[in-house]
Amino acid sequence: MADPVTHPVLQLSGIRKSYGSGETETEILHGIDLRLERGEFAALIGPSGSGKSTLLNLIGLLDRPSGGQLFIDGQETGQLDDTGLTRLRGQRIGFVFQHHHLIPAFTALENVAMPLLVARGRPDADMFAQAGRLLDQVGLAERKQNLANQLSGGQQQRVAIARALAMSPSLVLADEPTGNLDTHSADDVFALLREVNTRLNTTFLIVTHDRRLAARCDRIIEMVDGDIVADDRVHDKLPA
Amino acid sequence: MKSWMPFEWIAAIRFLREGRMQSLLIIVGVGVGVAVIVFMSALLSGLQANLVKRTLSSQAHIVLLPPEEIARPQSPAAGIALRLQKQAQRLRSIDQWQQIQARLEGLPNIAAISPMASGPAFVVRGDANKAITLLGIDPVRYSGVIALPERMVAGQLRVGAGEAVIGIELAKDLGADIGDKIRVTTAGDATETFTVTGLFDLGNKGVNARNVYVSLRSAQSLLDLVGGVSSIDISLHDIDEAERLASKIAAETGLTADSWIKTNAQFVTALTSQRVSSNVIRFFIGLSVAFGIASVLVVSVIQRAREIGILRAMGASQGQMLRIFLLQGGIVGFFGSLLGSGLAWTFLMLWRLMARNPDGTPMFIIGVDPWLVAIAAGGASLVGILAALLPARRAARLDPVVAIRG
């Protein structure tokens, strides 16, 4: 296993993605290079159809690139089979989606413990203790036993963030995490992401349409038509 | 969350519990199918066992008879067409029957052996004169083959010297009762007078009007078979083996061996075709149950596409997703079969109350065999898992990217 301290959390070199084949082949991503260090808090912006979601799916190991290399914590992922990708994804990457995607048949606590349950195969006291601590941290100590659909949108997104952190991932990918929330809840959720980033030094890559939100990140990566056209560090928090 | 339960079980149960109405409806659907199968199987096996029991109440499972006598021409002259007249079969004894009996006793699966001297005779009482079958038996041995002691309605099964046991129909025809005298005459003009010691009812009017049981010795002297027997009756532990065993005995002894399967060929064919048609019905019920489960799970996979996608994104493997849906099929099948067995049991109890003889006794006894319930439960669970195969594979192969985007 690669040492996460000496390797970037994420490294992309010449990542391409195309759909279809022959004459109908369309290239969505034209050779993306990107590097995220440990503890970075980056926004990925760009108009619809610019390839943000495609890139996020590749980074999240939900899809395979057509070309180029993708390293997670220094591990090259091109050689991994589906099982290997699934395992790496489960251990190293947390997801927060626009539509929280909690599993309604389970309580808040069980939803947070779910990645641990999936990985370990059987429930144990330790995973629920950990899930409980995470829910405390996202301010939902009182809602642990509520079923997912008995929570408000903001609360559900907090549960989803707690769930994304359950496996102590190196990288959290957030796809429009506040897109479905009112301004007040959106600010709360964003503040929570930021707090986790500062406290646990977890790397975040946040896809958003919201320039206001992006401006509050340390780094803004802008995509247009399948290429990165701008990569600005807003705060000089990290060495260039 | 039960700590001993694997993740797949927990998810399968939660998914079923969440889709409560769907789960309930399909479990009831499976239950009705299983109930019909269990009820039909119990009814059919009860009915068939009862029919076989009634049929075999007055006949042995295998009857050994002396080989047929065949006329053989002596050195036929060349060029002369022969016309052989079939020989009339006289009443003969089985050669060396004691040795044969001793040998049969060593064979497996044989429950009882009863040598018998039987032949036609007339019985006379007053003005009444009836044609009968005279059967000379050893009552103890004969009871092992035919449950005559249970069928006695008056007196007792006692055939000492000068004692006879007759059927209720014959008693009525002759106007005879226990203690009355009857006179038996055979074609060879031998005559003996017997005292009626018992009346039987074998449930068959012909048998009740014809059979007269006397001691083996009396029958031997009346039928001119001194020391001999005309047939050997055999009963078996496993009646389905009768035909196979009969062929084996016939081959070994050279005797004619008739099994009940051969002598009741039409009856056995009817039973077999009844079984076949019920199997066909069972198969199609099973099939429709399987399609029901499959269709509900297909819908469930579509409804849960996002949840499947999110579980996959969290690191759940294709195998885990496959097992979650296979288990749902199995669980639905299992609980459906429990419900179905309960329903079938209720139907059978109602049937037992309603299907009664005029005298109020149950028409025939049907029990729910615990094995039948166990097989139904196992079978329905298996059908559930098989039915879930297609939807489960779909769930496992769902592309998480597509599933999450919905």
Side-chain angles (χ1 to χ4, degrees), chain A residues 17 53-54 56-58 60-64 81-107 109-128 131 147-149 160 163-164 166-167 169 173 175, chain B residues 1-24 297 299-328 331-332 393 395-406:
Chain A
K17 180 69 187 176
S53 293
T54 306
L56 204 68
N57 289 335
L58 293 178
L61 306 178
L62 293 170
D63 205 353
R64 286 174 184 273
D81 61 2
D82 278 343
T83 316
L85 285 182
T86 302
R87 190 174 301 135
L88 191 62
R89 176 168 71 228
Q91 287 168 351
R92 297 300 172 89
I93 301 172
F95 291 90
V96 179
F97 299 96
Q98 177 176 5
H99 305 281
H100 48 80
H101 288 314
L102 297 182
I103 301 177
F106 292 87
T107 64
L109 187 71
E110 289 164 346
N111 264 287
V112 175
M114 192 62 66
L116 295 163
L117 179 60
V118 165
R120 295 183 195 170
R122 271 167 212 274
D124 57 53
D126 168 65
M127 68 175 65
F128 290 110
L147 284 176
N149 48 17
R163 182 179 63 187
M167 296 290 284
L173 302 174
D175 191 357
Chain B
M1 223 182 254
K2 304 279 187 295
S3 60
W4 48 267
M5 247 189 208
F7 158 68
E8 291 90 333
W9 278 90
I10 296 170
I13 292 168
R14 289 293 175 93
F15 282 177
L16 285 173
R17 255 175 34 189
E18 199 203 7
R20 206 164 283 138
M21 187 51 94
Q22 255 175 13
S23 309
L24 205 67
L297 287 178
V299 173
S300 166
V301 168
I302 295 167
Q303 285 173 332
R304 297 192 184 284
R306 282 189 175 201
E307 291 161 53
I308 294 165
I310 197 82
L311 282 169
R312 295 275 287 125
M314 263 184 239
S317 65
Q318 290 203 349
Q320 283 176 316
M321 298 320 301
L322 188 79
R323 287 193 288 277
I324 288 172
F325 281 87
L326 289 182
L327 277 171
Q328 290 186 57
I331 291 169
V332 162
R393 276 168 55 129
R397 288 181 180 175
L398 215 56
D399 182 352
V401 174
V402 179
I404 290 167
R405 205 177 293 140

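Chain identifiers are assigned alphabetically (A, B, ...) following the order of the sequence lines, protein sequences preceding nucleic acid strands; residue numbering begins at 1 within each chain. Note: hydrogens, waters and symmetry copies are ignored here, and every other heavy atom, side chains too, is used.
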Query raised in the report: Side chain, backbone, both or neither: which part of A:Pro104 has an atom under 4.5 Å from a heavy atom of chain B?
Result: both
Query raised in the report: Can you tell if the side chain of B:Ile10 reaches within under 4.5 Å of the side chain of A:Pro123, non-hydrogen atoms only?
Result: yes
Report summary line: Closest non-hydrogen atoms of B:Arg14 and A:Ala105, given as atom of the first, atom of the second and distance, are NH1-O, 3.3 Å
**Report entry** Residue from A:Leu58, A:Thr54, A:Leu56, A:Asp63 passing side-chain contact (heavy atoms from CB on, under 4.5 Å) with B:Val401
**Finding:** A:Asp63
Report task. Among the options A:Ala164, A:Gly90, A:Ala125, pick out the one with the most heavy-atom pairs lying under 4.5 Å from chain B. Result -> A:Gly90
Requested in this report: Test A:Thr86 against every option in B:Gln320, B:Arg312, B:Gln318 by the side-chain contact (heavy atoms from CB on, under 4.5 Å) rule and name the one that passes.
Outcome: B:Arg312
**Report entry** Minimum-distance pair of heavy atoms, taken over all atoms of B:Ala313 and A:Phe95
**Finding:** O-CE1, 3.4 Å
Query - Closest contact, heavy atoms only, B:Pro400 versus A:Leu62 - result: CB-CD2, 3.8 Å
Query raised in the report: Can you tell if the side chain of A:Arg89 reaches within under 4.5 Å of the side chain of B:Met314, non-hydrogen atoms only?
Result: no
Requested in this report: Compare all side-chain heavy atoms of B:Phe7 with those of A:Arg120 and state whether any distance is below 4.5 angstrom.
Outcome: no
